[in-house]
Number of protein chains: 4
Amino acid sequence: MTEPCFDVAHLGHVEVFTDKFEESLDFFTRVYGLKLSGQDETSAYLRAWEDYEFHSLKLTRHHTTGVGHIGYRVSSPQALERRVAAIEASPYKVHGWVEGDMGHGRAFRFEDPFGHVFELYWDTNRYVPPEADRPALKNMASRFHAQGACPRRLDHLNLLSEDVTAFRDFMTTCLGSRVTEQIQLDNGRLGGCWFTVNNKTYDLACTEEHGGGNGRLHHVTYATDQREDILRAADIFLENGVHIETGPHKHAIQGTFFLYVWEPAGNRVELANAGARLILAPDWQTVTWTETERKKGQAWGLKTIPSFHTHGTPPVPGKE
Amino acid sequence: MTEPCFDVAHLGHVEVFTDKFEESLDFFTRVYGLKLSGQDETSAYLRAWEDYEFHSLKLTRHHTTGVGHIGYRVSSPQALERRVAAIEASPYKVHGWVEGDMGHGRAFRFEDPFGHVFELYWDTNRYVPPEADRPALKNMASRFHAQGACPRRLDHLNLLSEDVTAFRDFMTTCLGSRVTEQIQLDNGRLGGCWFTVNNKTYDLACTEEHGGGNGRLHHVTYATDQREDILRAADIFLENGVHIETGPHKHAIQGTFFLYVWEPAGNRVELANAGARLILAPDWQTVTWTETERKKGQAWGLKTIPSFHTHGTPPVPGKE
Amino acid sequence: MTEPCFDVAHLGHVEVFTDKFEESLDFFTRVYGLKLSGQDETSAYLRAWEDYEFHSLKLTRHHTTGVGHIGYRVSSPQALERRVAAIEASPYKVHGWVEGDMGHGRAFRFEDPFGHVFELYWDTNRYVPPEADRPALKNMASRFHAQGACPRRLDHLNLLSEDVTAFRDFMTTCLGSRVTEQIQLDNGRLGGCWFTVNNKTYDLACTEEHGGGNGRLHHVTYATDQREDILRAADIFLENGVHIETGPHKHAIQGTFFLYVWEPAGNRVELANAGARLILAPDWQTVTWTETERKKGQAWGLKTIPSFHTHGTPPVPGKE
Amino acid sequence: MTEPCFDVAHLGHVEVFTDKFEESLDFFTRVYGLKLSGQDETSAYLRAWEDYEFHSLKLTRHHTTGVGHIGYRVSSPQALERRVAAIEASPYKVHGWVEGDMGHGRAFRFEDPFGHVFELYWDTNRYVPPEADRPALKNMASRFHAQGACPRRLDHLNLLSEDVTAFRDFMTTCLGSRVTEQIQLDNGRLGGCWFTVNNKTYDLACTEEHGGGNGRLHHVTYATDQREDILRAADIFLENGVHIETGPHKHAIQGTFFLYVWEPAGNRVELANAGARLILAPDWQTVTWTETERKKGQAWGLKTIPSFHTHGTPPVPGKE
């Protein structure tokens, strides 16, 4: 057996496009409860109160919606070199080094077969809280501000692709990700795949594209400390007129307690709580769900609603 | 900078001695909510419902109390070789290879300067649930049985030593542990140190021995999914006449929500919930607390009660 | 204005019929978490740990399912006389005095126009816990036993009737109930009505019968202390193969957090949590929901599933 | 037996004096999470999001701290007449009718033997939310605003008196309150008494004055929906530099989950959660705790801290 690869440390940030920048920014700060670290001409840099880096969400003014790029931080400068070598030796499209932005130093960019852009970086801009954002307890990245849903940290994102098997090859080759769970369809295809580079149960999921789009985003997720935080957030979303798509409920896959809403520009955003669940086994065996098993619905029987299978961002004209 | 070491995967199990075996076993199964995987002449093998190995607690009939040994599982067979080489090259006392027990294969044993015995192992006995213990969802290690406090998994343990700095050297040398938080006393000594080998915020803590004992245990801890599980457990402990020492409350250090009780033989046992807190930063900077900062008490102001500083197992005659 | 009537103190117990007595009893004790107070030839007498009377659920072996009778305890012997006089002066069918059973003294029985039998009683058999069921805190009716879902107390029940307006007249005339919320359909009929005799937001609801049955039960509900108790119960139901019909979610009407399951004989059973919500206003104005408002679904958008509109007990042959 | 008296419907509001008006107002709105309904020259009128009246807390600029007066709303105009007659026939000091303020119509004022002023009123000023405060669900008094601790409603207050027995006579005579629990000291005196006029477990408590003051306030309490809301509030208090006196923990008496803090002027303020506990029995037997039983501390063993026995408002010079 090969040894597990720990070159990549964790999902660092996601860039999300919005064609309603002001509304989206208001949602993410006032309602969802992220904090603004900085802003440049095109983007707002946001983070949850316990994200240790400058930002975990880059919200970018754009003519459409969806995901701009996905950034993973590596475990060391040497690990970055190893990863770059592996990616350059792979068949995947390489964009090469970029300068970085307000949030981190130079990054190496590359692309999956479906048009999603990834980057790896080591040099980061740690968040240093100004006086007003300094926490009462020094082991926290910043103050628990209690604004809106106020999740603790970025958790994961979910991408869409027309070939989940091909996407799985990309993730294992380029990031050394482990596959913790997956869906095996009756037609022989993979319906979905859940990946992790560390002890989290997943930091990225890929599910099959049914809307005919390319390079689309299914959702971005932040983690709350307790399930109660999500029930409370449901009331906050309700009072603020946010479209609640489905939940709160518990996923059968991964056992995560979830709630899905759409931010003003239509990007799907989740709040999730995994309890104390972690993947600690170094030789975790991928859990494979059959189509029959999936038809039972979510853990407590909730049926997946149709929009969950078709809605992604950017929307595909005439398809939703 | 050196690269982080991931040779050791996770804390696997703790052996706890009891001089009231039947009462302790009744407590750990009926009240605390672990399940019995197996039993031999001297020991009961227990696990939480999501522990994937055969056991995470080995409860051993003994003339006294405290910790028998501490087992960590490594990341791969190669990692085990690397660790053994590092330990053999160290000044620490080596016991050498042992056969393993009902729970796992051969293990390499060694000892810290204070008499606590550790072991590293790769070959493990995965728990395979019998029909009655099979979970409704196939990604769970076993059924959520809902008996007693019913925590999800082993979380960490806390050892006592007369020289925390020396203990820290041992942990970094032998296990490659990272130090996530520590207490710096005014007298120049370390008052406590929190270690991890993975993304958990800690899997082992060492605090200064004030009772004059050697090789003593402060407590063993299991993780619950929610803080509410701990509040509910407090009522269960109350109704079952279990000695609740302190809590529920939130630690300033590590921010863990906690509850400490004594099992019938006197070993301190904790239930803890860290929310969604993880150490994801590969270059996490150790948080150092001063004595002044510690005097503020726990996160919400609870003062540490005296027994917490003196009680350990085995008890030291005439000292408590 | 008339003064509010407080002759009736609270819902005391519900008799539920089952044609699978052993399975139902196993469900209500081991899974749902009620305790058996006593048993006679036909019935088991069950209570939640904080119900102060001998029983709150009388589970009766029967050739079918549904509700046997509904018992309300009055506020005083004089109040009982006043209520009996009012009922005897009403157009409703009177059964007269019955002897009572293991749970209480003589009771006055009468019937609504749809065949549901009610009784009022004053003399009750307070539950006196045996040693093993004695609570650690003397202000509790019995020990918090932590078995199964373990709700605190009986909360309410929901009956079906073909004419909710007629049912409303019955409740206000016979019990002096207040109507806290109701649904006004576009066709001029009432779709549902929520009643209370005290500060609870409701102790009985009546919704329109769509299944063609008579005198049917929609569900019986017990209250948990926290919403988390209901999320935990969902996992218990899942692991025990109980049919989870819908939830957990939050009702728009009354704002109650809910979970509906079917016990083995098919009777619908709910767990509910109202938070700290009470009807304290003596001049509470009935909240009337329109059909349009109801079409938005539950509080967080969950659509009511079809079986919720058709399933009742006993089932109507050929209708479900 | 006499019939229970339901003339008084519920605790309506408490007037609290502050000698740091701006700081107190900032605390109660931004941190504690009440909303400002209106303001006149001397007072701010505040309410929790589910309080149906104009205000439940009248915060008054004053040269000292403590309680201004306590308002209870009666069940009907006739009930008010009955209560006024009973009070006028009693030995207690009568202030007579006052005009009311922004929150309600004319009120009848009277005084307990220790200088606390009470009032009874029927005509009230129902809160009508402006557009921005209108809830998503029409059965709520106003929008769940999610600011600060954001409790649901006023719950109770605790007064100090040198003779709890005398205070008990006052409450039963003037308000018709029931005594749900009490402490019987070894010296024959009552140490504390918990009262209710409805199904709440208590709306007012009186504990023995140990600080030598007169007419003092021990604390005012609002109710949260869940215990988790209180744990979350503890973090909010911590981040805002609020003095957390004791908790979160669970009271042995009444079983309430609690957290006590001091607002900027020194008045003690509690957040509490009773779960689903109610006093439904019309013939509830007062639970009497002995001094020995109380020495066990709170439900889970927390010892009562000294300031809890001595601190009241206004402070007594030289006594704390």
Side-chain angles (χ1 to χ4, degrees), chain C residues 1-4 6-7 9-12 50-53 73-79 122 124 126 136-140 151-153 155 180-181 198-201 222-229 252-255 257 272-278 280-285 287-289 293 299, chain D residues 1-4 6 9-12 50-53 73-79 122 124 126 136-140 151-153 155 180-181 198-201 222-229 250 252-255 257 272-278 280-285 287-289 293 299:
Chain C
M1 92 162 255
T2 9
E3 291 190 68
F6 295 111
D7 282 349
H10 63 86
L11 174 66
E50 182 81 318
D51 286 320
Y52 75 93
E53 295 180 275
R73 189 162 183 235
V74 295
S75 296
S76 67
Q78 301 89 322
W122 165 250
T124 194
R126 270 172 186 275
L137 299 174
K138 66 197 286 185
N139 51 3
M140 290 163 56
R152 180 183 278 266
R153 58 166 170 74
D155 194 78
T180 54
E181 307 200 18
N198 51 36
N199 294 129
K200 285 170 54 359
T201 52
Y222 278 72
T224 69
D225 278 333
Q226 308 292 323
R227 298 196 287 203
E228 258 298 325
D229 296 325
I253 294 178
Q254 303 284 3
F257 193 71
N273 181 268
R277 190 168 188 249
L278 293 173
L280 297 174
D283 49 358
W284 174 265
Q285 303 298 310
V287 174
T288 302
W289 300 83
E293 287 165 343
Chain D
M1 90 163 256
T2 10
E3 291 192 68
F6 295 112
H10 64 85
L11 174 66
E50 183 81 317
D51 286 320
Y52 74 93
E53 294 180 275
R73 191 163 181 231
V74 296
S75 297
S76 67
Q78 300 91 321
W122 165 251
T124 194
R126 267 171 189 277
L137 299 174
K138 65 196 288 185
N139 52 2
M140 291 163 56
R152 180 182 277 264
R153 58 166 170 74
D155 193 78
T180 53
E181 306 199 20
N198 51 37
N199 294 128
K200 284 168 61 349
T201 52
Y222 278 74
T224 69
D225 278 332
Q226 308 291 324
R227 299 198 287 204
E228 258 298 324
D229 295 326
K250 179 178 171 175
I253 296 177
Q254 303 285 1
F257 193 71
N273 181 268
R277 188 168 190 250
L278 293 173
L280 296 174
D283 48 358
W284 174 263
Q285 303 298 312
V287 174
T288 302
W289 300 83
E293 288 166 343

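Letters A, B, ... mirror the listed sequences (proteins, then strands); counts begin at 1.
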Contact summary for Arg126(C) and Ala281(D), nearest pair of heavy atoms: NH2-CB, 4.0 Å
Rounded distance [0.5 Å steps], CG in Asn139(D) versus CD in Glu181(C): 4.0 Å
Derivation of the side-chain contact (heavy atoms from CB on, under 4.5 Å) call for Arg73(D) and Leu280(C): CA-CA 10 Å; Arg73(D) 191 163 181 231; Leu280(C) 297 174; over 6 Å; no
Which of Gly12(D), Pro151(D), Ala252(D), Ala299(D) touches chain C most, by non-hydrogen pairs under 4.5 Å: Ala252(D)
Under 4.5 Å from any heavy atom of chain C - which part of Ala274(D): backbone
Toward chain D, the part of Thr288(C) with a non-hydrogen atom under 4.5 Å: backbone
Main-chain N/O of Arg227(C) paired to Gln226(D) side chain as donor or acceptor, under 3.5 Å: yes
Euclidean distance, Asp225(D) CG relative to Asn273(C) CG, rounded to 0.5 Å: 7.5 Å
When Ala136(D), Ala9(D), Gly255(D), Gly275(D) are compared by non-hydrogen pairs under 4.5 Å with chain C, the top option: Gly275(D)
Contact class of Thr224(C) relative to chain D, heavy atoms under 4.5 angstrom: backbone
Interatomic spacing from NZ in Lys138(D) to CD in Glu293(C) - rounded to 0.5 Å: 3.5 Å
Residue Ile253(D) versus chain C: region with a heavy atom under 4.5 Å: backbone
Contact origin within Arg277(C) toward chain D - heavy atom pairs under 4.5 Å: both
Thr124(D) OG1 to Asp283(C) CG distance, which is reported to the nearest 0.5 Å: 8.0 Å
Interatomic distance, Phe6(D) atom CZ to Asn199(C) atom CG [nearest 0.5 angstrom]: 8.5 Å
Under 3.5 Å: donor-acceptor pair, side chain of Arg153(D), backbone of Ala276(C): yes
Greatest number of heavy atom pairs closer than 4.5 Å to chain C - which of Lys200(D), Glu50(D), Gln254(D), Arg152(D): Arg152(D)
